Amino acid sequence: MSTFVLLTITGLGLGAMYFLIASGLSLIYGLMGVLNFAHGAFLTVGAYIAWFADSHFTAIHSVTLRFVLAALCGLAAGAVFAALVELVLIRPLYLRHIEQVLVTVGLSLATVALIQGIWGNDSRLYALPNWTSQTTHVLGASIPNDRWIEIAAAVLLLAGLLAFLRYTRYGLIIRAGVENRAMVTALGIDVRRAFTLVFAIGGFAAALAGVLSGVYFSSVDPGRGTSLLIFAFIVVVIGGLGSIVGSAAAAVIVGLLQQYANYYASSGLGDLSVVLLLAIVLLIRPGGLSGRAAT
Amino acid sequence: MARLAVAAGVVLALAFMPEYGFGLGKVFDGSLDSPGVLQLLAICLVFAGLALTYDLLFGFTGLLSFGHALYFAVGVYVCDIAITRWHWSFWTAVAFTAAVGLVLPVVLGSVSLRVGGIAFAMVTLAFAQAGAILVQKNPRRWTGGEEGLGYDFERVPQTFVGILNTKHLYWLALGYAALVGVVAWWATRSSPGHVWQAIRENERRVEVLGLRPFPYKLLAFVLGSFLATLGGIVYMLCVGGASPDVTTASFTLALLVMVVIGGTGTLWGPLLGGALYTYLDRRLGDVGGSHAIHQLPGVLRVPLSQPLFLLGVLFILIVFFLPGGIAGLATRGRAGGRALRRLEAALRPARGGA
Amino acid sequence: MSALLQVEGLHVHLGESHVLQGVDLEVAEGGVTALLGRNGVGKTTTLRAILGLVPRRGRVTFAGERIDGQQTHRIVGRGLGYVPEDRDVFAGLTVRENLELAMRNGSARWELVYGLFPELRERGRQRAGTLSGGQQQMVAIARALLNENRLLLIDEPTKGLAPALVTTVAEVLERIAETETALLVEQNLAVVRRLAREIVVLDTGRVVHRGPASDLDDRALVHRLLGVA
């Protein structure tokens, strides 16, 4: 029983990271039709900037405060980087989806290589507050505290995104744009501003996933974004491109399935079963679990 | 006819490469007949052919696969495992690998081609990822996991073994690139080849004409994949075994980059793009380590010493300013932008509008 | 007097087909100009080209300013309301959200819209996708009326509606026509006769006839141009 609880919480923590990446991917694809391969780069940049800031904020003595401030720097870096990518590289290729995707592929190659050049191939350790590595007892299981941070961050982001989409004018424009972009412009709205905004949101969420992955693994390495991106893609597709709630549900399913299969069947089988799940879902429902709508 | 003569001339000139006792200055690290240079050239030629097999799917038929690495990896790993772990004779191993390289894409292709656009890209990615995971997992210690698997020297024809025989590997790789070139030339001019290009332009219209696109797409998928598997066998011989980097999604993305750099939907574009990418990837690393670069200030030194950074930037520049790739230069961009634009359909969602 | 909207030599290529081959037309201030023609001659494309929703070539002048090089949202912002073919309401949004999205500034004419379509007020929280075809048409028209526009582009507002609803929509359009200027694409000639002041007839991407709406009383002409009795 305690193992099961631990697996479940860990699976949810993993799913939380997948969701953070997938939510941005899904919004970007839903609104703009761009499959963003640079999303992993946003994550890696965010995680590295947080690490870099943390190692330079030596004047702050509280480890927790220092880490929180560093994390905020990482998140800001992710959002700004993503917004710049949209403005400089994606926008000039408006409506040329193939070229946009290719540019994100090139950008992901270049960014990862640049990070390797600056900070090396080896992973960099995160200096974390002690309480993150301690455990909490739940139903007889000892749960590492970082899992709670991951889950809480994902839940907050989900709630925030949903509220943003439901109650703000830009949220309204994004939801409408996912359905029919041309008609939004025909109502006199400059939909491209929403493009920059979803990139910034996506970059922010990806950077958050990056920082949290740094907490989860206690370190960050240049390949982090790429390796998480593949599972995030799977989550997005299973959940239905453009659907935030679908992504959240799929992220939970994928995270749990991975943990359970890795433990109860054999190590490595978790990843395989996720891949298999994707193939099955796509062949039965090519639109993913939720169809298509930005909610 | 003139083009054919040029192509034959190029192959012939390349065939005599191991006889050229001179170097090309800084282009290569040694004279053209030295084993190191010949091995680099052999690998370039394998990737030239491999990029063209990917272009058969992507550029000619409009199938955006993110799983082409799988079929190349089948060539590398199945052949290596059959020789090294199962102790089969070389030719039995090759025949078996070829058979797998034919059956696997028939099976996986008929499953994944049931969906189109992004869904197809993702299903192919998923199958390839399954392959990558399998290799990582190292079942029965067959694949060697992260370490990879060097081949058993005893069971490979001796003419391909040893540093002095590098020129034989070079010829083998040249033969492979030429074979892919000839097959692709012939296939894209055959009547199914015309249907492929019609599917790329507008699949609906092909259906309206009363043709079922599915068998034609499957044919392109199987042909491209099978040729990739053959390339895998040659590569395995050239580098002396298998390593897991050929199974990854990044590997397929690199193929995509090669094709676009060379010129999507052309024959010699991807051949050139594949060779150039591979050359730059390996050679820029050496240049990056050179003395001249080391003396530069960090702002310049760090990016210049990363081949993939330079390739990524080059790639973005090509997408922006030369969408027809290198081949588009020759046609002064006429075929250029259009070739990519035509592929929009490859990214459309399986259903629903965008 | 110069026209409110002036279209000269408008060309549109979609894929390999040359859909508009030099359309010339004018819409005068006040009243309804009907754009007529058989199926597939380019009526919808003409409206979409004016709005910049398809790549186009040619000269389009609106209220004295060139708009053919501008982006759709800017063109619309100059005071063009669009009621698209097939309505294109946002199915996942509520009726109220569909209308709020269309608001271009603070001075939305809610009273006018709810006066014309009281049903939309009651159904404010209903998802537009669950409305009937006629109700969706009301949302589409209401979206265009919410802002004060100088010109409405209305594409087949009665298409696919039950006869009773056609009458309702036509009555609404008649009331709108009293105060607004519109370029109307419409297949139903009875509706056109009720609404239009001028007519423009398209055939295979070109304008083949222009004249007062009374030309529709000429049966031979109507038969020749539109293939209907």
Side-chain angles (χ1 to χ4, degrees), chain A residues 26-27 29-33 87 91-97 161-197 239-247 287-295, chain C residues 44 47-55 67 70-106 108 125 127-129 136 139-140 142-155:
Chain A
S26 183
L27 271 185
Y29 182 83
L31 185 63
M32 306 169 62
L87 286 171
R91 180 167 291 194
L93 299 170
Y94 185 54
L95 289 185
R96 288 151 69 176
H97 295 150
L161 265 184
L162 288 180
F164 167 76
L165 286 173
R166 206 151 289 170
Y167 300 116
T168 67
R169 168 118 185 123
Y170 269 108
L172 190 59
I173 292 171
I174 291 169
R175 276 189 291 149
V178 169
E179 270 192 51
N180 186 341
R181 202 171 39 210
M183 192 58 219
V184 173
T185 66
L187 292 177
I189 296 162
D190 185 3
V191 79
R192 292 173 316 172
R193 279 200 217 142
F195 291 175
T196 317
L197 189 63
L241 291 151
S243 165
I244 297 294
V245 174
S247 288
L289 290 180
S290 72
R292 204 158 181 273
T295 45
Chain C
T44 295
L47 297 194
R48 292 175 63 82
I50 291 170
L51 285 164
L53 285 169
V54 288
I67 59 167
Q70 296 190 7
Q71 291 164 331
T72 302
H73 68 271
R74 297 211 184 279
I75 295 173
V76 171
R78 293 181 171 276
L80 261 157
Y82 178 44
V83 182
E85 193 187 19
D86 302 322
R87 307 180 262 278
D88 280 344
V89 299
F90 298 100
L93 272 51
T94 65
V95 170
R96 177 83 189 184
E97 284 174 335
N98 264 280
L99 296 175
E100 278 173 0
L101 186 69
M103 258 167 60
R104 291 208 299 269
N105 49 47
R125 304 182 64 149
R127 286 201 179 214
Q136 291 191 6
V139 174
R143 268 193 322 208
L145 288 178
L146 197 60
N147 301 290
E148 212 160 313
N149 285 309
R150 301 193 62 176
L151 174 66
L152 299 174
L153 303 177
I154 307 175
D155 198 352

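To find a chain, count down the sequence lines: A is the first, B the second, and so on, and within it residues start at 1. Note that this is a predicted model, so its numbers are computed, not measured.
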J.: Counting only non-hydrogen atoms closer than 4.5 Å, does C/Leu51 touch chain A with its backbone (N, CA, C, O), its side chain (CB onward), both, or neither?
T.: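 Neither; nothing under 4.5 Å.
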
J.: Looking at A/Leu187 and C/Phe90, what are the two nearest heavy atoms and their distance?
T.: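 Shortest heavy-atom contact: CD1-CE1, 3.9 Å.
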
J.: Report the option among C/Met103, C/Glu97, C/His73, C/Arg74 that has the most heavy-atom pairs separated by less than 4.5 Å from atoms of chain A.
T.: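 Between C/Met103, C/Glu97, C/His73, C/Arg74, the count favours C/His73.
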
J.: Closest approach of A/Ala186 and C/Val76, non-hydrogen atoms and distance?
T.: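 For A/Ala186 and C/Val76, the tightest heavy-atom pair comes out as O-CG2, 3.4 Å.
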
J.: Pick whichever of C/Leu53, C/Thr72, C/Val89 has the most heavy-atom pairs under 4.5 Å with chain A.
T.: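 Most pairs with chain A among the choices: C/Thr72.
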
J.: Would you say CZ of A/Arg169 has more than 12 non-hydrogen atoms from neighbouring residues, nucleotides or ligands within 6.0 angstrom?
T.: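 More than 12 heavy atoms, drawn from other residues, nucleotides or ligands, come within 6.0 Å of this atom.
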
J.: Could you tell me whether a side-chain N or O of A/Glu179 sits under 3.5 Å from a main-chain N or O of C/Ala91, the two making a donor and an acceptor?
T.: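 Side chain of A/Glu179 to backbone of C/Ala91, a donor-acceptor pair under 3.5 Å: yes, one is there.
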
J.: Name the region of A/Val191, side chain, backbone, both or neither, that has any atom closer than 4.5 Å to a heavy atom of chain C.
T.: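 For A/Val191, there is no contact with chain C at all, as no heavy atom is under 4.5 Å.
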
J.: For C/Gln71, which atoms come within 4.5 Å of any heavy atom of chain A: side chain, backbone, both, or neither?
T.: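 Contact with chain A is through the side chain of C/Gln71 alone.
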
J.: Where do A/Ile189 and C/Leu101 come nearest, in terms of heavy atoms and distance?
T.: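 Smallest interatomic distance, heavy atoms only, reads CD1-O, 3.4 Å.
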
J.: Could you go through the side-chain contact (heavy atoms from CB on, under 4.5 Å) check for A/Met183 and C/Arg143 one step at a time?
T.: CA-CA 11 Å; A/Met183 192 58 219; C/Arg143 268 193 322 208; 3.3 Å; yes

